[in-house]
Every structure is written in structure tokens, then in C-alpha cells.
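Notes to accompany the following structure.
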Amino acid sequence: MKELWTTIASLMGVFVFAKTLIPPELQSAVHKLIHLLFSYFSPYRYYEITEIDGVNTNELYHAVQLYLSSSASSATLNRLSLTRGLNSSTITFGLANNARLSDVFNGVSVVWEHIVAPRQSSSGRRFPEEKRSFTLRINRRDKRFIINDYLDFISRKADEIKRNNKDRLLYINSRGWWESVPFKHPSTFETLAMDPAMKTEIKSDLRDFADGQAFYKRTGRAWKRGYLLYGPPGTGKSSMIAAIANFLEYDIYDLELSEVKANSELRKLLMKTTTKSIIVIEDIDCSINLTNRKKPTVSKQRTSGSTDGDLDFKSSPVEPAAFVDSDSNEGSTSVTLSGLLNFTDGIWSCCGSERIFVFTTNHIEKLDQALLRSGRMDKHIFMSYCSFPALKILLKNYLGCDADAGDIVPEVLEGLEAEIDGAEMTPADIAEVLIKNRRDNSRALTELLAAMKGRSETKSPVNLLCRRLAAEEVAEEKRALNSPKEVDGAAIGGGADLEYTKEWKD
């Protein structure tokens, strides 16, 4: 026995020594030849399904992942991966790294293997640190009988699991990649404080979109739709997005433009989004400098007529000012307006289907008109101050009072109806009053009516005129303090001669 082991050790030493004499290229060729021979004579066929296909996410990979997770919990495996998302109560079973799972379809046995390996850094592209894939092993003689039907079955089963899973996902872009958490926002169209007629119109438009695959294909249009939500802060724009997601059961991709380094990265993020999703850019006028392709030159008329204060959101859009070209910035690594336009309506926007783009802004007049046209933002929704029908929804949500059922004293209800338009209070303003007094309905209604009356008096035409006259008086006193005075024929300034000269010329 000792001589046998000595012989084996000698042969191994000779093999290692001989290997050092063989060039690496020849070794690689030999390995490939051996692998080819084993593959040719092997009774199995192997199919690899990677997580990422080029720069796109592989939907088949996620379908297989969902399908296998549904059966992994009942499988007799030694190792399983257990995951639970942030703020989620659901535990998901899955294949552990390099684990195997057997499955049977139409009487044919197959084997799945989950392979996870470190990713080699390459060409500056931003990918996950690990390379993940599933390998499917099928007997050679069974391949033609089940491969297509089996994969179609897996896709249908994954879609069914998605529909049964009520938890939707909220994605945020980070370092060129999407990261997700469970989406648990409770907002619905029933709880949304908005005019019921407008809600009905929006819901009908969303249904037409979700059921419009044949229509979009027949008309040759990409299956997407754009919504622009604009209005004062606190009018429920974010709640509207959550209500749309819950109504359609879509995932949300919250795109943070300041995290995107270039237009090419923006396109890659778009391609990594899934179908049945809502792509959101909130406060687009504040995200990055995309307000206009050209900077406005302030005209004399606008300078003299401008005042500091809240914008009047009920007024008509501001007339465009004169522009000077400042669009191009060679060598810039930030997102440009052109890149954003192509993102929403360019050739790249059709790389996917059944997606809704939603932009929100508090200042629609600051947005470039190219962003607002149909095809990019198809439907503009003005989120206004709280109306009386919306107020009744808030009273029912926060106090449990049904105004139409007589739960509120008629005199109080009439007072609220009389003051609501003049008060110009947002749903957030009214909700704050109701939340503070939600344990005492009578007190809540009394304080709400008092708050409305106070806001109405502040915004009355007489008070607005008085405040404007007071502001003009302060400006006149400041101008007098800074104006130059003649002393012995010479003009001396008050410390702001340049500003004074500019104001005087204006």
C-alpha cells in the first residue's frame, strides 16, 4: 500500500512538472477541448440565465427567482436563503448561493442551480458587486419537449405570484443602480382630498391606459403616459402618486436626478425599470438646473412689476421672457435638458412598456415648454387649494363626520362652505388642524372655521392692498437712505452708489 501511494505521488509530481513546461495558451486549448468532449458526450444540456443581460435587467431571471422561491420553502434542501425587506412582514425563501433544487414539469425532471460569484471590475460600468445567475440542467432527450413550454409556464407563474403579492416596491437610484424597499403608502383615491369629478376623470384615464395595449400597438405609439402634477405645496401631489400606484398596483421608481452623473447613466436607469411601473421625478424645477434651455433676460416691465411674496397659482402662466442661448456645456458630466427630454419621449423611452412618467412641481412657469407638451406630459393635473367637496372628504377621514349624512351642524357646515374658497388653505393645512383636535370633533370644527376666517381676512383685497402699500413705503424709505445728496455741488453716496445707479436707470 505504501508503494502505491509513493507511485501516485511521483506521478502527480511528474504531472505538475510537465504542466510548467506547457505554454498557457496550449493549456487553455486543452481545457477547452476536454470541456467540449465532455459536453458532447454528456447526457445533459445546460442553460444559463444571468441577472443582467448587457446593460438591461433580465426579466426571465426575476421570473425564475419568484418561481423557485414559491417552492423552495417546501423543498428538502439543507440550505435556503431567507430574506425580509425593510418594513415588511413577509419572509421570502430562496436558493442559497450555489445551491440546487430539483423540479418536475410534465413528468420531466430538471435541476436548477443558483450561482453567485464576485464580479470582476470592468470598463467603468456600474454593476452589483456579485454576478448572479441560474443554471438549468435538462436531459438532452427531453430538451425539445419542455424547454419552451417550461419557460413560458415559469413566466406565467411569476406573473401570478406578483399579482397575489400585494406589496409593491419603491425604488431609488443610487450609484447608477436601483435599490428597493417595500412600498406601504396607504393613500388611495377614496382618501385623497380632491374634487370627486376630477378623481373620476383621472381613474378613467388610468384604466384606459392600463387596458390599452392593443390600442397603443394599433396606433404605433409607445405604451407609456406622462402626468404633470403642479400646484402649491401641501396640495397632495405625493399622495396622488401613491394613490395611482395603489390603484394600478404598479411599482414606483423615484428618480433622484442629482444622483445621475450623465445622460448615458439616465438611459441605463430607464432600461433597468420594469413594466407596470411609475417613474417619478418630484420637484423637477428644484432637482437640477433644468428650468430652461436658455436663461431669461429680465425685462424692464417684469422688473418693475415683480414683488416678493407667494405666487398666485390660480393666475394664468407667466408669459415667456426674452432668452439668450446658454444650453451647451461641452465636457459637462451632469444631466442636460436634452437628455431628460429623450428620457421621457425619445427613442430610448420605448425600451419597455406600460410605464407612467410623473413629474411634480410647485412652479409650472419655471419649466421649459418642451417638457410640458403632449407626448411627454400628456395630462396636466392642477392640485389646487382645498375645495368644499375635498373638505368633506378630509372631515370624514380625520373626524369620521359624514357631512352628507347630517353629522355636522348645518350652521357650521354652511360657515365652512362660505369661507373655504377665500381662505385658500391646502389639504395639508386643514389636516394639521384636524389632527390636533381629532379627539374632539366640535373643537376641531370650531378651530378650523376660525382658521379659515383668519386666512380669508388676511387674503382680502383690502388687506392685500394695505400690505402692498406698506411694502412700497418701506422700499421708498430704503431708496431715500441710499440716494446721493449734493454737498457743495458734489454728489456723495450713501454706501450703495452702484445699486442706486442701477435702480435709477431702471
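Computed over heavy atoms, backbone and side chain alike; hydrogens, waters and symmetry mates excluded.
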For a quick test of reading the model, state the closest non-hydrogen atom pair linking Ala423 to Met452 and the distance between them. CB-O, 3.6 Å

Check the pair Leu434 / Leu395 against side-chain contact (heavy atoms from CB on, under 4.5 Å), numbers first and verdict last. CA-CA 8 Å; Leu434 299 180; Leu395 295 177; 4.1 Å; yes

Any side-chain to backbone donor/acceptor pair from Trp178 onto Leu269? Under 3.5 Å, distance only. yes

Parallel, tilted or perpendicular, judged at 30° and 60°: which one describes the rings of Phe134 and His114? parallel

State plainly whether the residues Asp142 and Arg45 are in salt-bridge range, i.e. N to O under 4.0 Å. no

Using only atom types and a distance under 3.5 Å, with no angle test, would you say the side chain of Thr235 pairs donor to acceptor with the backbone of Gly231? no

Just checking Gln213: does its CD atom have more than 12 heavy atoms from other residues, nucleotides or ligands closer to it than 6.0 angstrom? no

Between Ile147 and Ile138, which heavy-atom pair has the shortest distance, and what is it? CD1-CD1, 3.8 Å

State whether the side chain of Lys396 and the backbone N or O of Asp402 hold a donor-acceptor pair below 3.5 Å, judged by distance alone. no

Is there side-chain contact between Thr426 and Pro233, with at least one heavy-atom pair below 4.5 Å? no

One should read off an interatomic distance between Asn246 CG and Ser187 OG, to the nearest 0.5 angstrom, of 7.0 Å

What one should report as the nearest heavy-atom pair of Gly234 and Pro427 is O-CD, 3.5 Å

Kindly compute the distance separating CD1 (Ile278) from CG (Leu255), expressed to the nearest 0.5 Å. 14.0 Å

Is the shortest side-chain heavy-atom distance between Met425 and Leu391 below 4.5 Å? no

With rounding to the nearest 0.5 angstrom, report the CZ to CG distance, Arg168 to Leu248. 9.5 Å

Other residues, nucleotides, ligands: >12 heavy atoms within 6.0 Å of Phe215 CZ: no

Looking only at heavy atoms, which two atoms of Glu190 and Ile393 are closest? And how far apart? O-CG2, 3.9 Å

Determine, for Asp345 against Arg373, whether the closest basic-nitrogen to carboxylate-oxygen distance falls under 4.0 angstrom. yes

How about Arg355 and Thr273: do any of their side-chain heavy atoms sit closer than 4.5 Å? yes

Of Tyr171, Phe183, Phe357, the one forming a ring-ring contact (aromatic ring centres under 6.0 Å, His included) with Tyr253 is Tyr171

With Phe359 as partner, the option from Asp283, Leu229, Thr344 fulfilling side-chain contact (heavy atoms from CB on, under 4.5 Å) is Thr344

Do Arg132 and Thr50 have side-chain atoms, one donor and one acceptor, less than 3.5 Å apart? no

For the pair Phe382 and Tyr230, name the ring-plane relationship: parallel under 30°, tilted 30 to 60°, perpendicular over 60°. tilted

With side chains defined as the heavy atoms from C-beta onward, is the minimum distance between Thr135 and Ile49 less than 4.5 Å? no

First locate atom CD1 of Ile356, then atom CD1 of Ile279, and finally report the distance between them rounded to the nearest 0.5 Å. 10.0 Å

Assess Arg137 against Tyr44: is NZ or CZ under 6.0 Å from the centre of the six-membered ring, and within 45 degrees of the ring's axis? yes

Could you label the plane-to-plane angle of the Phe105 and Tyr150 rings as parallel, tilted or perpendicular, counting under 30° as parallel and over 60° as perpendicular? tilted

Do Arg443 and Glu447 sit within salt-bridge range, that is, some charged N less than 4.0 Å from a carboxylate O? yes

Just so I know, are the side chains of Thr361 and Leu228 near enough to count as touching, which here means a heavy-atom distance under 4.5 Å? yes

What pair of heavy atoms forms the shortest contact from Leu169 to Asp251, and how long is it? N-OD1, 3.0 Å

May I ask you to say whether Lys379 pairs ionically with Glu201, meaning some side-chain N is under 4.0 Å from a carboxylate O? yes

From Tyr46 atom OH to Glu113 atom CD, the distance as rounded to the nearest 0.5 Å: 9.0 Å

Might you work through the salt bridge (Lys or Arg N to Asp or Glu O under 4.0 Å) test for Asp429 and Arg455, ending with a clear yes or no? CA-CA 11 Å; Asp429 295 332; Arg455 293 285 290 269; 3.7 Å; yes

Assess whether side-chain contact (heavy atoms from CB on, under 4.5 Å) is satisfied between Asn139 and Val108, documenting all intermediate values. CA-CA 9 Å; Asn139 197 296; Val108 176; 5.9 Å; no

Is any side-chain heavy atom of Phe247 closer than 4.5 Å to one of Thr188? no

In Å, rounded to the nearest 0.5 Å, how long is the span from CD1 of Ile244 to CD1 of Ile252? 9.0 Å

Would you say the side chain of His185 lies within less than 4.5 Å of the side chain of Leu170, judging by non-hydrogen atoms? no

Would a distance-only check, ignoring hydrogens and angles, find a side-chain to backbone donor-acceptor pair under 3.5 Å from His380 to Leu372? yes

Using modelled atom types and a 3.5 Å cut-off, is there a donor and acceptor pairing between side-chain atoms of Asn437 and backbone atoms of Ala444? no

Looking only at side-chain N and O atoms, does Glu419 offer a donor or acceptor that is under 3.5 Å from a partner on Ser456? yes

What closest approach, in Å, do Met383 and Gly236 show between heavy atoms, and which atom pair accounts for it? CE-O, 3.4 Å

Do Asn263 and Thr336 meet the criterion of a side-chain donor-acceptor pair at a distance under 3.5 Å? yes

Quick one, Lys237 with Ile381, criterion side-chain contact (heavy atoms from CB on, under 4.5 Å). Give me CA distance, side-chain angles, the key distance, then yes/no. CA-CA 9 Å; Lys237 293 183 283 294; Ile381 302 175; over 6 Å; no

Residues Asn342 and Arg267: side-chain donor-acceptor under 3.5 angstrom: no

Between Lys272 and Gly176, is there a donor-acceptor pair closer than 3.5 Å when you use the side chain of the first and the backbone of the second? yes

Could you please spell out the steps behind the side-chain contact (heavy atoms from CB on, under 4.5 Å) verdict for Val111 and Leu136? CA-CA 6 Å; Val111 176; Leu136 172 63; over 6 Å; no

Quick one, Thr191 with Asn397, criterion side chain to side chain donor-acceptor pair (under 3.5 Å). Give me CA distance, side-chain angles, the key distance, then yes/no. CA-CA 7 Å; Thr191 62; Asn397 291 343; 5.2 Å; no

Is the number of heavy atoms from other residues, nucleotides or ligands within 6.0 Å of NZ (Lys203) greater than 12? yes

Thr360, Asp205, Asp378 screened by side-chain hydrogen bond (donor to acceptor under 3.5 Å, both in side chains) with Tyr227, the one that passes: Asp205

Are the side chains of Met377 and Leu371 in touch, meaning some heavy atoms are under 4.5 Å apart? no

Between the side chains of Glu282 and Ser238, is a donor N or O closer than 3.5 angstrom to an acceptor N or O? yes

